[in-house]
Asks: 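Starting off with a structure, shown below.
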Amino acid sequence: MIRLAWRNIWRNQRRSLITILSIGCGFSAIMFGQSMIHSVQIQLVEKSTGIITGHIRVMNKNCKDLKIPDEDIENPQPIEKALEGIPGIQVFGQRILFTGLISSPITSKGVLVCAVQPEKESKIIKIPQYITQGRFFSGSGREIVLGDKLAEELEIRLGEKVVLLSQGRDGSMAAEAFRLSGIYHTGSTSFDGQIIYVPLVPCQEMLSMQGKVNDFVIRVKGLEQIERVRQEISRVLEPYSEVKTYTWKDVDRELVGIQKFQNGILLVVLVIIFGIVTLGIVNTLLMSLFERIREFGVLMAIGAKPKIILRLILLESTLLGIMGLMFGLSLGSLLIAYFGRYGLPLPIGEALSYFIPFDSVIYLRFSWSRHWVAIVGVFLTSFISGAIPALRASRLIVAKALRHV
Amino acid sequence: MSKPLISLENVTKIYEGSEQMFEYGYFTGNVIKKLKSFQKFDFMNNAALLDVIALKELTLEFFPGEFTAIAGPSGSGKSTLLNIIGALDFPSKGKLFFEGRELSSLSANELADFRLLSLGFIFQSFNLIPVLTALENVEYVLTLQGLPRKKRREKSLQALELVGLKHEAHRVPSQLSGGQQQRVAIARAIVHDPKVVLADEPTANLDSKTSESLLNLMQDLNKNSGMTFIFSSHDALILSRAKRVIQIRDGMLV
């Protein structure tokens, strides 16, 4: 029967090739779309978590605002100890995140201050890679690193001093002078104009928070390990009831929203492509069915049971589906491999960079968990598309089918 | 006298609600029924569904080893009769027996099995599967019967040899002449040793010389193996060779 189905497929070569091409192109389009969304999401997450959010955060459980923690961790030492040695953690550091006013001789601007342990933070976030002038802290005390947009607004250059103003935990006005040691450029207007990095210790003094922090930021070895490591950290930190563990998804709700939006769009696109693929297969099979009604009549006359006709047509549609998938898989893999290596320039980067940092060149990568869904989906689609004409053919009245011209 | 192989009792075949040409255009029976069911199209009120009576209370018997022709003009019902005998169509009324077993109560699968084991068909337009070679066309029936590959091959080649086409076994139908194609069709019809071979105007598309040689072949098969042949035809050659001729007109025996 496979031989008969195979030859039937190649009986009308042009039509079968068009069907295989349409299934293949449809599938590779799905695969490409999936890969693009996957790569965009990974790049978004990597960049966003790499600038400030980090993968996992440990904060006071009473914090109302996870972006700028409003409650402190009074005794960070035992937590620091507990975090050491948890498998999966690549590096972690203590932080104080607070808002303040930065003033240069020219002007002042409200900023989000990220007080960090410079050595550790340089391994957690990617800011050192974005430094365009100077260094990400040289280790000489009261230094500050800020974005090029802010530096431009404040009209300051490397080595010049700025004053940071904020409110201490005791309610007093806190002010401290810092020397500009590095200027970074992420491409994101909001990041480059609003976030500054200073060393932790001088800030603790400035804010009357000696020995205290309000945030632990943790980097894990791979994005896929985040949830597992978070659970492990939560388990280890159970005795410390004042803190709670969060992932970047809890902190950066906007990014999660963008991901959901992208997934929604992808779903709509997939449904449309699936529809086109289905129409292509149904069309080909119906055409070949009407052309061969008399032949099915002959097969049934010589003793083929209706289920044999059903199987024959289903086999044809399945073979078409498999060939289409193989073609689509090769084409899709080639495209992804090519753009994975050389990058795919998109205008989306500039559009997004106003509110989140994003690269305008996407390096595609495979998303096999999604691709498998598409493979099964396209395969089932071709199978089900064959079922309609197959059922019709198997229910033909033999004498009527034989009269068909 | 031996028991009848096939018997028809008061078989009537009516094609209900045939298609008609109206001043509004052409409608098939189903469309007319549908439009009438809406009761909104006044012009359909006068549309009568013409029932065509193809066979009218036919009672007939066929015995083993017959070489019989059903003759009659076009539209007389001879093809319908052959279709009913071959369980390709169902009588509207009456009963059909094969070796004493009534066929109307059988399911589609049981009827397929019956055709597979007991009948062989030869069609006017050969009706070979175009993508299969002559050998594969003949072999297909045995494949459906579930015979092992070696046995299938052997029997199919024997059948092709019998019709004088063993040397063309690996050609596809489009590479064969009309006469050769009909020989392959005969080989396909006899390869599984059926009890009856039904041939619907087998010589209609062939020249007289080819027709004669094919008829000789079928006559030999009838004589040597006792296989029953029932033809529907108005070809004088077939009628002259048939041992029995059943004349039919307007669905009735003449």
Side-chain angles (χ1 to χ4, degrees), chain A residues 1-17 19 284-285 287-317 319-320 323 390-405, chain B residues 13 15 28 54 79-91 107-133 136-146 149 172-174 185 187-192 194 197-198 200:
Chain A
M1 192 187 286
I2 291 177
R3 191 166 42 185
L4 185 58
W6 180 254
R7 288 188 197 168
N8 278 332
I9 287 173
W10 295 113
R11 194 179 200 177
N12 193 328
Q13 286 187 6
R14 195 191 301 169
R15 190 172 56 209
S16 294
L17 277 174
T19 309
T284 311
L285 289 170
M287 295 259 284
S288 87
L289 168 77
F290 284 125
E291 212 176 72
R292 288 157 53 203
I293 282 185
R294 182 203 277 260
E295 203 176 298
F296 296 133
V298 173
L299 286 177
M300 282 155 104
I302 63 174
K305 292 190 176 83
K307 67 177 179 195
I308 289 185
I309 308 293
L310 187 83
R311 276 190 215 151
L312 181 70
I313 299 174
L314 283 179
L315 195 61
E316 284 179 28
S317 63
L319 282 172
L320 279 173
M323 284 189 283
L391 277 172
R392 284 189 67 170
S394 69
R395 286 175 186 162
L396 289 170
I397 292 171
V398 189
K400 220 172 173 178
L402 283 170
R403 279 199 298 271
H404 196 272
V405 183
Chain B
K13 179 67 188 177
Y15 291 113
T28 63
S79 289
T80 306
L81 177 58
L82 210 67
N83 283 341
I84 285 178
I85 295 171
L88 302 177
D89 209 344
F90 310 98
S107 68
N109 281 338
E110 287 169 326
L111 284 174
D113 275 339
F114 159 68
R115 289 193 294 265
L116 180 62
L117 298 170
S118 307
L119 303 182
F121 287 92
I122 303 168
F123 303 96
Q124 180 181 340
S125 46
F126 326 133
N127 281 345
L128 298 174
I129 310 295
V131 290
L132 299 182
T133 63
E136 288 164 344
N137 260 288
V138 178
E139 213 180 329
Y140 196 75
V141 182
L142 304 176
T143 311
L144 291 174
Q145 285 189 350
R149 187 184 159 84
V172 288
S174 59
R188 180 177 68 182
I190 59 156
V191 69
H192 55 303
V197 175
L198 300 169
D200 189 8

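Lettering follows sequence order; numbering is per chain, from 1.
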Asks: Which residue out of B:Leu128, B:Asn127, B:Leu144 racks up the most heavy-atom pairs below 4.5 Å with chain A?
Replies: B:Asn127

Asks: Are A:Lys400 and B:Asp89 within salt-bridge range, i.e. N to O under 4.0 Å?
Replies: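 So A:Lys400 does not pair with B:Asp89 through a salt bridge.
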
Asks: Quick one, A:Glu316 with A:Arg311, criterion salt bridge (Lys or Arg N to Asp or Glu O under 4.0 Å). Give me CA distance, side-chain angles, the key distance, then yes/no.
Replies: CA-CA 8 Å; A:Glu316 284 179 28; A:Arg311 276 190 215 151; over 6 Å; no

Asks: Does any backbone or side-chain atom of B:Thr80 lie under 4.5 Å from a heavy atom of chain A? Answer side chain, backbone, both or neither.
Replies: neither

Asks: Select one option (side chain, backbone, both, neither) describing which atoms of B:Leu132 are under 4.5 Å from chain A's heavy atoms.
Replies: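 B:Leu132 touches chain A through backbone and side-chain heavy atoms alike.
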
Asks: Is the ring pair B:Phe121/B:Phe123 parallel, tilted or perpendicular, if the boundaries are 30 and 60 degrees?
Replies: parallel

Asks: Verify, without hydrogens or angle tests, whether B:His192 (side chain) and B:Ser118 (backbone) share a donor-acceptor contact under 3.5 angstrom.
Replies: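 Answer holds: no.
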
Asks: Between B:Leu119, B:Ile129, B:Ile84, which shows the greatest number of heavy-atom pairs under 4.5 Å with chain A?
Replies: B:Ile129

Asks: Regarding B:Glu136 and B:Arg188, does a basic nitrogen lie under 4.0 Å from an acidic carboxylate oxygen?
Replies: no

Asks: A:Phe296 versus A:Leu312: any side-chain heavy-atom pair under 4.5 Å?
Replies: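 Of all side-chain heavy-atom pairs linking A:Leu312 with A:Phe296, at least one is under 4.5 Å.
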
Asks: Below 4.5 Å, heavy-atom pairs only: which of B:Leu111, B:Asn83, B:Leu117, B:Asn109 has the largest tally toward chain A?
Replies: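 Counting heavy-atom pairs under 4.5 Å, the top option is B:Asn109.
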
Asks: For chain A, which candidate among B:Asp113, B:Thr143, B:Asp200, B:Leu198 shows the most heavy-atom pairs at distances under 4.5 Å?
Replies: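 Of the candidates given, the most pairs with chain A belong to B:Asp113.
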
Asks: Please state whether the side chain, the backbone, both or neither of B:Phe114 comes within less than 4.5 Å of a heavy atom of chain A.
Replies: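 Interface part for B:Phe114: neither.
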
